[in-house]
Each structure stands twice: as structure tokens, then as C-alpha cells.
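Notes follow once the structure below has been shown.
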Amino acid sequence: MTIKTSAPALPYRDLNRLMSLMTGDEKHGPAATSTLDALWVLYHRVLRVTPDTVDDPERDRFLLSKGHGPMAYYAVLVAHGFFDEDLLPGFGGYDSPLGHHPDRLLVPGAEIGSGSLGHGLPLAVGSVLGLRAQGLTDPRVWVLTGDAELDEGSNHEAIAYAGPAGLDQLHTLVIDNASATYGRPGGISSRFETADWSVRTVDGRDHEALYAAFTAPHPGRPHAVIVRVAPKS
């Protein structure tokens, strides 16, 4: 594997400016800002994909299941050179490729069209199985979900399957901003632990802690990182 992470064209301090360029209704601001730091660390230091390798079979895949709040995602993609910031002011417009839900056919770097809650994790499981069927065991698949998404039955089935199947190419980030309707005994982490996943829980604003959790070894098991964060105002 020779693919590297994408060196940012813009620094972290520019992200708020980039997000401010996206205006209009239905921004889902809290849903976006709660993901900002996790996405930055993932693209800056962990994901092995660049604008030049978005079609390379050996690349890492990132799936934004939490697709109804894509502003931070778009800002991070711009900062890493996947497309130009001139597209951001048109966010959500009729002629803009940057919709309120990302479209993989329109957004450079996007792996899936998303926004319907509960689909990203099952798609990530399928992606790992597809990679394995092709003999591609090095690329990693990452999926970012919201805590409320875990109420969806499709996610329960994906979690229950991936652990016993030993899908260690699979990585799940759960943004826990206390928006879930239903609680779980032992918290979100217990749902993954009982299904034989590797699990870390981390402060979602601490970049070093995020990096350590993202890169923790988990041989033979899928890995879940529970990212606890209060949305920025």
C-alpha cells in the first residue's frame, strides 16, 4: 500500500470560514459542527486517500452515513483539495453539486449518496465484503454515523453480523451528541462490545485522543469509536 493521506491545502483554522460560506435553510448546523473535528483528524492523519487516488482500488473508503448534515464534510473535502471552495456558497442551490445530502456522482471524493438514516453502516459492511471478494484486504472502510441512527434496525443487523464475521477492515465512528431517542444499558459502547467489536470512547474535540482511538489496533475485529461531543453553537 503506497497511498498516503491527503495533505491539507488549507489549515484547520480555515474550517469555520469555509463552513460560513454555506448559507440558506436546512443547514442542520449542529449535525455538521459535531462532526467537524472527527472528520478533520480522519482526513488529515488517518484516511489513505487523496484527490489523485479517489478511484484507486487500494484506497481507504469513507462513508458519511450522517449525510443530512454535510457542511463539515464539504469543508474538510475542500481543505484537503478534493474540490474548490468556490462551490461552497452555492450549497443547496438548484445548480450546485453540493446538496443538502451528498451525492457520490456530483461530489468529488464522496463514496456514497447518503442522508437516509441507517444505511451507511450496512453499506460499509457490504463494502468490506466486496473488497474481500476481490482479494483486497488492505483498504480500510470507515463510516460515520449519528447516535440516533443506531435506533434503525438495519444498523442493529450490521453490528450483529460484523463482529462475529471478524470484519477488521471495518471502522465505525459514532457521533454521540445525545440526540438518540432511546438509551441503552451501558451506553452506546455496550451495543458494539456485546457483538464482539473493538471499542474506544473519546472526547470529540481532542485531536490527539481522536487519532489514538482511530489508530488503535484491533486484529480480527471491527472497530468502533464513540465520539462524545456537544455541538458547537
Side-chain angles (χ1 to χ4, degrees), residues 4-47 49-55 59-117 119-120 142-149 173-177 179 203-207 210-211 214 227 229-233:
K4 305 298 183 182
T5 54
S6 181
L10 296 171
Y12 173 80
R13 64 177 177 271
D14 272 21
L15 291 180
N16 284 333
R17 178 185 65 82
L18 294 174
M19 290 183 66
S20 73
L21 298 176
M22 292 174 273
T23 60
D25 296 333
E26 299 184 19
K27 291 189 300 182
H28 291 281
T33 54
S34 63
T35 68
L36 187 62
D37 294 274
L39 285 170
W40 173 261
V41 173
L42 195 63
Y43 271 89
H44 183 35
R45 301 177 65 180
V46 180
L47 276 181
V49 63
T50 73
D52 295 328
T53 61
V54 290
D55 295 319
R59 74 190 184 279
D60 287 346
R61 278 78 169 165
F62 172 73
L63 283 57
L64 181 71
S65 187
K66 191 180 171 71
H68 56 288
M71 293 170 60
Y73 182 46
Y74 293 156
V76 169
L77 288 175
V78 165
H80 287 81
F82 286 86
F83 58 90
D84 193 85
E85 70 176 81
D86 290 347
L87 291 177
L88 296 178
F91 167 68
Y94 179 79
D95 294 325
S96 174
L98 306 182
H100 292 125
H101 294 180
D103 185 329
R104 72 177 185 86
L105 299 178
L106 298 177
V107 180
E111 293 281 357
I112 61 170
S114 60
S116 297
L117 297 181
H119 293 334
W142 294 80
V143 57
L144 187 151
T145 76
D147 53 351
E149 282 190 83
L173 280 64
V174 181
I175 302 296
D176 180 8
N177 55 13
S179 64
D203 178 350
R205 303 296 186 200
D206 185 331
H207 289 198
L210 285 164
Y211 176 73
F214 292 166
V227 179
V229 60
K232 291 181 179 179
S233 58

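Bear in mind the structure is a predicted one, so any value in this text is a computation, not a measurement.
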Between the NE2 atom in H100 and the CE atom in M71, the distance rounded to the nearest 0.5 Å is 9.5 Å
Classify the angle between the aromatic ring planes of H80 and W40 as parallel (below 30°), tilted (30 to 60°) or perpendicular (above 60°). tilted
May I have the step-by-step check of side-chain contact (heavy atoms from CB on, under 4.5 Å) for F214 and L47, ending in yes or no? CA-CA 10 Å; F214 292 166; L47 276 181; over 6 Å; no
Only one of R61, R104, R59 passes side chain to side chain donor-acceptor pair (under 3.5 Å) with E111, and that residue is R59
- Mind running ring pair (Phe, Tyr, Trp, His ring centres under 6.0 Å) on F82 and Y73 for me, showing each step along the way? CA-CA 11 Å; F82 286 86; Y73 182 46; 8.9 Å; no
Across all chains, not counting sequence neighbours, the side-chain hydrogen bond (donor to acceptor under 3.5 Å, both in side chains) partners of D176 are none
Please evaluate residues V49 and F62 with respect to the criterion side-chain contact (heavy atoms from CB on, under 4.5 Å), reporting the C-alpha separation (whole Å), side-chain torsions for both, the decisive distance (0.1 Å), and the verdict. CA-CA 9 Å; V49 63; F62 172 73; over 6 Å; no
All heavy atoms of A110 vs all of D103, minimum pair found to be CB-O, 4.5 Å
In short, M19 meets T33 closest at the heavy-atom pair CE-CG2, 3.8 Å
Smallest heavy-atom separation, P102 atom then L64 atom, equals CG-CD2, 4.0 Å
To the nearest 0.5 Å, atom CG of L15 lies from atom CG of L36 at 5.0 Å
*Using the side-chain contact (heavy atoms from CB on, under 4.5 Å) rule, take T5 and R45 through it: C-alpha gap first, then chi angles, then the decisive distance, then the call.*
CA-CA 6 Å; T5 54; R45 301 177 65 180; 5.8 Å; no
With sequence neighbours left out, the residues meeting side-chain hydrogen bond (donor to acceptor under 3.5 Å, both in side chains) with D14 are R17
Is it true that a side-chain atom of Y43 and a backbone atom of P8 form a donor plus acceptor pair closer than 3.5 Å?
no
Value for CG (L88) from OG1 (T23), rounded to nearest 0.5 Å, stands at 10.5 Å
* **Test of ring centre spacing under 6.0 Å for H44 and Y12** => no
Between I175 and A38, the two heavy atoms sitting closest are CD1-CB, 4.3 Å
### Message
Between S34 (side chain only) and V229 (backbone N and O only), is there a donor and an acceptor less than 3.5 Å apart?
### Response
no
Value for CG (L98) from CG (L87), rounded to nearest 0.5 Å, stands at 5.5 Å
When every non-hydrogen atom of E85 is compared with those of V78, the smallest separation belongs to CB-CG1, 3.6 Å
Residues passing the salt bridge (charged side-chain N to carboxylate O under 4.0 Å, His left out) test with E149, sequence neighbours excluded, are none
Note: S65 and V143 closest approach over all heavy atoms is CB-CG2, 3.9 Å
